[in-house]
There are 4 protein chains.
Amino acid sequence: MDDRKVARQRRLAESKRQHILDAAREAFAEDGLEKASLRAIATKAGYTPAALYFHFPSKEAIYAELLRSSLLSLGESVAAEVTGAETAEARFRAAGMGFFRYYAKNPSELDLGFYLFRGGMKPAGLDRETDKELNAALEAALRPLAKAARDMGAGAEEAELSMVNIFAHATGLLLLLHTGRIRMFGASAEALMQQYVDQQVEVLRGG
Amino acid sequence: MDDRKVARQRRLAESKRQHILDAAREAFAEDGLEKASLRAIATKAGYTPAALYFHFPSKEAIYAELLRSSLLSLGESVAAEVTGAETAEARFRAAGMGFFRYYAKNPSELDLGFYLFRGGMKPAGLDRETDKELNAALEAALRPLAKAARDMGAGAEEAELSMVNIFAHATGLLLLLHTGRIRMFGASAEALMQQYVDQQVEVLRGG
Amino acid sequence: MDDRKVARQRRLAESKRQHILDAAREAFAEDGLEKASLRAIATKAGYTPAALYFHFPSKEAIYAELLRSSLLSLGESVAAEVTGAETAEARFRAAGMGFFRYYAKNPSELDLGFYLFRGGMKPAGLDRETDKELNAALEAALRPLAKAARDMGAGAEEAELSMVNIFAHATGLLLLLHTGRIRMFGASAEALMQQYVDQQVEVLRGG
Amino acid sequence: MDDRKVARQRRLAESKRQHILDAAREAFAEDGLEKASLRAIATKAGYTPAALYFHFPSKEAIYAELLRSSLLSLGESVAAEVTGAETAEARFRAAGMGFFRYYAKNPSELDLGFYLFRGGMKPAGLDRETDKELNAALEAALRPLAKAARDMGAGAEEAELSMVNIFAHATGLLLLLHTGRIRMFGASAEALMQQYVDQQVEVLRGG
DNA sequence: TATGAATGAGTATTCATTCAT
DNA sequence: TATGAATGAATACTCATTCAT
């Protein structure tokens, strides 16, 4: 009985947290990560700023949680695409394009992710532990790439480099896609990514 | 005599401007572009905040000037590397690696440049004119790539895409290099860039 | 029980608002409306500047509220004086002298009101709606004059002009009274106002 | 020879002063007395802010000089109108309407003048001496009214009061005229002033 | 006389956070 | 859990004035 109560309360609390996170995602997408204020998030969620402190210890914590869930969701998305593929090569392609497409479809999360890479060595004021965790989540999302490369016969190092290459190219293209700052002469970013994946497959095969 | 006086004053003023810009570069590098305050810049430069307004009309103007000079310097650097090369292929390599190396050597300017690509479509509040100018400077710096590609026999569109590809890959690798996240893979960013340029040359040749 | 709590809180909040308004009135009276700073108001009220923003959305809003309540109070004061009077003539006198006396007794509110008339056509940055509301409140306070004039047999236009005349004369005398410049003439402002009202009554009768 | 040089220089200096005062008048008219900045005045005059300090010791001094010259000019204007009139009554009318018309035609100077009456007892930070001088200038401008009243047979006190009355009524009407804040139902402010002067003449005659 | 450069004090407003209730 | 109230530090920017040149 008590247990049920507790469980219900926990579910309720969790749903409120999610509600706040949704509001935060919205606010961050609208005003940018540094300009979005706690007050804006609270208002969007239908709360007072002070109320958020019952659910999160700080604004940074909200951001961190958002980023974590984004990276997990990215990981799941990539994993799901890979699962369907039968050959190693198909898995490599699926992982590479899955990574790219996830961010192409969720541009606001790309912004979120870039925050990790900000200010030289300073990831925004997250504590080391959180930072490590987030890093691990990102690596986990990319891992299927290296795995598939190895399955294609690549050595450990070669597989890692393949992963890095795919990550780098995808990131660069997404940056361009997302900001539209360089005219791509009619080329779709996705087509360019596809092309690069093909090249990389060729390299792995040839190597 | 008067002329000399005036000239000396102008030089003095210019050196003070540069001094402030240096302080700003430092402040931006330390605290990020949105969090670095005018006060911080002024303090670093040994001035009162109000004093900066004699040299620059606003904080954004400081940032814009910094970025403009960075992009021009990038352009010059790339152009210089290209000049020495004799064949079209050598020019393509020189331009691609020149772009990469410029930012590899000047990481704080990379940060500066990324600001242009931040916040979805919101580039910080620069007026349209400045924004256009900065875009043009960036494109000018990349132009030698497309030029060299055409000299290698590529069509207009193919040349543009080559440029975009190089830009994307370099950007992605620089992001990793700059944030130290590439070390975890044990790879040399420059070697990877070199490799990609080779690939791209191959593609252009083959096409 | 909850209701009582809420009611008590509301009363408390209202009393704090009034406290701040009093401080503002004082600050405005001391330093003039444009020079009185939010900081000064806050300090006088025993608050931090930021705290005021919980009670009012801006400095202008404080001023507007002060002026609105002053004009309403003026209106009530005039209305009260008129109510007691039995004949139309007595009501005219009561309204005219009531208007004059209100400001003679509350000189700081005169200052407040003059702000409405300052700076050519630029009333300080109040939004149109507020501006209209304040105008309406002023006119409402003067309305009994026109009403009484009509009751004395004046036409619509004549009644309006009577109102304008009384307003003008009172205003001019109050300016002199308030700034102490009337003492140099050794005259009693109130006596002069009385005299003018008498004259005006005569005119209305004669017409 | 030296004398001529000195004289020429003095004239030059004086013309520069006047030029600055013109600029200040313009700036004050545009932005209000408290918001117009020294910088704005300087720019309008084609100077650097610092340059103005060779011609005036402070911003307040500029304001004071502007006001003094305005009051002198008012005095001259009134005196000129009076001069032409032959009878005492005509002189009274001329003085009263002259006062009114001067400000009706030069509304920005009305603003200037009101500054004298600002902030309770605080005339804006002018030193006592300047304040007295300005007061004297105002009184001198009004003096012809009292003089004419006496010439019409009024006693000393009655004449003073007549002057005060005219001043008050004119001021009140000008305030309304200048700000347009009360719809005057087709009545021109000048007609109302004329009417009041007529009344006052009647009183003086009758008394 | 005039300027460019600089200052110190000031402006209204915003922010993340805390705390009594 | 949630709120209203409050804070202290911060923000970019403006101002009248000073001073070496």
Side-chain angles (χ1 to χ4, degrees), chain A residues 9 12-13 16 34-42 45-62 125, chain B residues 5-6 8-10 12-13 16-17 20 34-42 45-62 125, chain C residues 5-6 8-10 12-13 16-17 20 34-42 45-62 125, chain D residues 9 12-13 16 34-42 45-62 125:
Chain A
Q9 277 186 341
L12 189 62
K16 284 178 185 171
E34 325 222 17
K35 286 187 73 185
S37 67
L38 228 208
R39 175 164 249 101
I41 297 172
Y47 282 112
T48 290
L52 301 199
Y53 285 86
F54 287 93
H55 303 276
F56 300 91
S58 74
K59 193 189 166 194
E60 285 298 342
I62 295 179
Chain B
K5 238 186 199 168
V6 166
R8 199 191 330 137
Q9 271 188 344
R10 212 171 295 181
L12 190 63
K16 281 177 188 169
R17 268 178 72 92
I20 293 170
E34 324 220 21
K35 284 187 74 186
S37 67
L38 234 207
R39 166 126 66 231
I41 297 172
Y47 282 114
T48 293
L52 300 200
Y53 284 86
F54 188 82
H55 302 276
F56 300 92
S58 72
K59 190 190 162 192
E60 285 300 341
I62 295 179
Chain C
K5 237 186 200 167
V6 166
R8 199 193 327 138
Q9 271 188 343
R10 213 171 293 181
L12 189 64
K16 282 175 187 170
R17 268 177 73 91
I20 292 170
E34 323 221 22
K35 284 186 73 184
S37 67
L38 232 208
R39 167 126 65 229
I41 297 172
Y47 281 113
T48 292
L52 300 200
Y53 284 85
F54 187 83
H55 302 276
F56 299 92
S58 73
K59 191 190 161 192
E60 286 300 340
I62 295 179
Chain D
Q9 277 185 341
L12 188 63
K16 284 177 186 171
E34 325 222 20
K35 284 187 72 184
S37 66
L38 228 208
R39 176 164 247 100
I41 298 171
Y47 282 113
T48 291
L52 301 199
Y53 286 84
F54 288 93
H55 303 276
F56 300 91
S58 73
K59 193 190 166 192
E60 285 298 342
I62 294 179

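Predicted model, so just to flag it, every value in this text is computed and none were measured. We name chains A, B, ... by the order of the sequence lines, and we start the count at 1 in each one.
For the pair A:Tyr47 and F:dA2, the criterion of a side-chain N or O lying under 4.0 Å from OP1 or OP2 is met. Close to F:dA2, at under 4.0 Å from its OP1 or OP2, lies no side-chain N or O of A:Thr48. Phosphate contact (OP1/OP2 of E:dG4, side-chain N/O of B:His55, threshold under 4.0 Å): absent. Of the side-chain N and O atoms in B:Lys16, none sit less than 4.0 angstrom from OP1 or OP2 of E:dG4.
Using a 4.0 Å heavy-atom cutoff across all strands shown, C:Tyr53 reaches at least one base atom of the nucleic acid. Contact annotation for C:Leu38: base contact, defined as any heavy-atom pair under 4.0 Å involving a base atom. C:Ala42 comes within 4.0 angstrom of no nucleic acid atom, judged by non-hydrogen atoms across all strands.
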Where does DNA chain F pair, written as one dot-bracket string 5' to 3', with Watson-Crick or G-U pairs under 3.5 Å, ( ) inside the strand, [ ] for crossing pairs and | for another strand?
.||||||||||||||||||||

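Residue B:Pro57 is the one, among D:Lys59 and B:Pro57, whose nearest nucleotide of DNA chain F lies closer to the 5' end (criterion: closest heavy atom). Map B:Ala13 and C:Arg39 each onto its nearest nucleotide of DNA chain E; the residue landing nearer the 5' end is B:Ala13. Residues B:Arg8 and D:Ala40 each lie close to DNA chain F; by heavy-atom proximity, the contact nearer the 5' end of the strand is made by D:Ala40.
As a whole-Å value, the separation of A:Phe56 CZ from E:dA16 C1' is 16 Å. Regarding A:Ile41, its CD1 atom lies at a distance of 11 Å from the P atom of E:dC15, rounded to whole Å. In this structure, C:Lys35 atom NZ and F:dT14 atom C1' are separated by 15 Å, rounded to whole Å. The CG-P distance, from A:Leu12 to F:dT1, rounds to 7 Å in whole Å. With rounding to whole Å, B:Arg10 atom CZ is found 14 Å from E:dT3 atom C1'. Spacing between atom CZ of A:Phe54 and atom P of F:dT1 amounts to 8 Å, rounded to whole angstrom units. Per the geometry, CD belonging to B:Glu34 stands 15 Å off C1' belonging to E:dC15, to the nearest Å. Going from atom CG of A:Leu52 over to atom C1' of F:dT3 covers 12 Å, rounded to whole Å.
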Worked check of side chain to side chain contact (heavy atoms under 4.5 Å, CB included) between C:Arg10 and C:Val6:
CA-CA 6 Å; C:Arg10 213 171 293 181; C:Val6 166; 3.4 Å; yes

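The closest donor-acceptor contact from the side chain of C:Lys59 to the backbone of C:Ala36 lies under 3.5 Å. The main-chain N or O of B:Ala51 is never found under 3.5 Å from a side-chain atom of B:Thr48 such that the two would form a donor-acceptor pair.
When side chains are defined from C-beta on, A:Lys16 does not count as touching A:Phe54, because their heavy atoms never get closer than 4.5 Å. With a 4.5 Å cut-off on side-chain heavy atoms, C:Phe56 and C:Leu38 do not count as touching.
A distance of 5.0 Å separates CD1 of D:Ile41 from CD1 of D:Ile62, quoted to the nearest 0.5 Å. The OG atom of B:Ser58 sits 11.0 Å away from the CG atom of B:Leu52 when rounded to the nearest 0.5 Å.
Here the nucleotide nearest the side chain of D:Ser37, chosen from F:dA16, E:dA16, F:dT3, is F:dA16. Out of F:dT3, E:dT3, F:dT7, the shortest distance to the side chain of D:Ala50 is found at E:dT3.
Atom CZ of B:Arg17 sits in a crowded spot, with more than 12 heavy atoms from other residues, nucleotides or ligands closer than 6.0 Å.
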